[in-house]
Amino acid sequence: VVRARWNGIDLLVRMSRTRRDQQIDLGGFVDSPDLSLRVPKAAFPETLPKFGERIEVEGEDYRIVQVGNHPRSPLLTLSLSTTDE
């Protein structure tokens, strides 16, 4: 379980996958971490996170690149990528 913060809401989330790729950038290759978080939908009082929004996980900023929201699941799956992509 890790700490995350989205739109002023503090969350305790489960990290379900983490992956480190390398991408070409000016000056060579850079690490590009991607991860998925599973969050109870009940943690969001009004609206759910959306594609393109920012979220902070353990002090690092990420961008939401996919939101998995199955109607029968109590969990929301957020796929994240670094903010500099």
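Just the heavy atoms: all of them, side chains too, but no hydrogens, waters or symmetry mates, feed the values below.
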K.L.:
How would you list all residue pairs meeting side chain to side chain donor-acceptor pair (under 3.5 Å) that involve residues 68-78, not counting sequence neighbours?
P.N.:
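Of all non-adjacent pairs touching residues 68-78, those that pass side chain to side chain donor-acceptor pair (under 3.5 Å) are Arg38-Thr77, Lys41-Asn69.
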
K.L.:
Each residue besides Val1 in its hydrophobic cluster should be listed here, by chain and number; the cluster joins Ile, Leu, Val, Met, Phe, Trp and Tyr at side-chain heavy-atom distances under 4.5 Å.
P.N.:
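Its cluster partners, ordered by chain and number, are Leu12.
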
K.L.:
Ignoring hydrogens and angles, write down the donor-acceptor pairs under 3.5 Å from the side chains of residues 43-56, residues two or more places apart or on other chains.
P.N.:
residue, atom, partner, partner atom, Å
Glu53, OE1, Trp6, NE1, 3.1
Glu53, OE1, Lys50, N, 2.9

K.L.:
Taking the side chain as every heavy atom from C-beta outward, state whether Pro74 and Pro40 have any pair of such atoms under 4.5 Å apart.
P.N.:
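No - every pair of side-chain heavy atoms lies 4.5 Å or more apart.
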
K.L.:
Using a 4.5 Å cut-off on heavy atoms from C-beta on, say whether the side chain of Val39 contacts that of Leu75.
P.N.:
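SC-SC contact between Leu75 and Val39 ruled out.
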
K.L.:
Going by heavy atoms in the side chains, are Val65 and Leu80 under 4.5 Å from each other?
P.N.:
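No, their side chains stay 4.5 Å or more apart.
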
K.L.:
For the atom pair OG (Ser81) and CD1 (Ile64), what is the distance rounded to the nearest 0.5 Å?
P.N.:
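Here the interatomic distance stands at 11.5 Å.
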
K.L.:
Any salt bridge (charged side-chain N to carboxylate O under 4.0 Å, His left out) involving residues 4-16? Give me the pairs, sequence neighbours left out, ordered by first then second residue.
P.N.:
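Sorted result for residues 4-16: Arg5-Asp10.
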
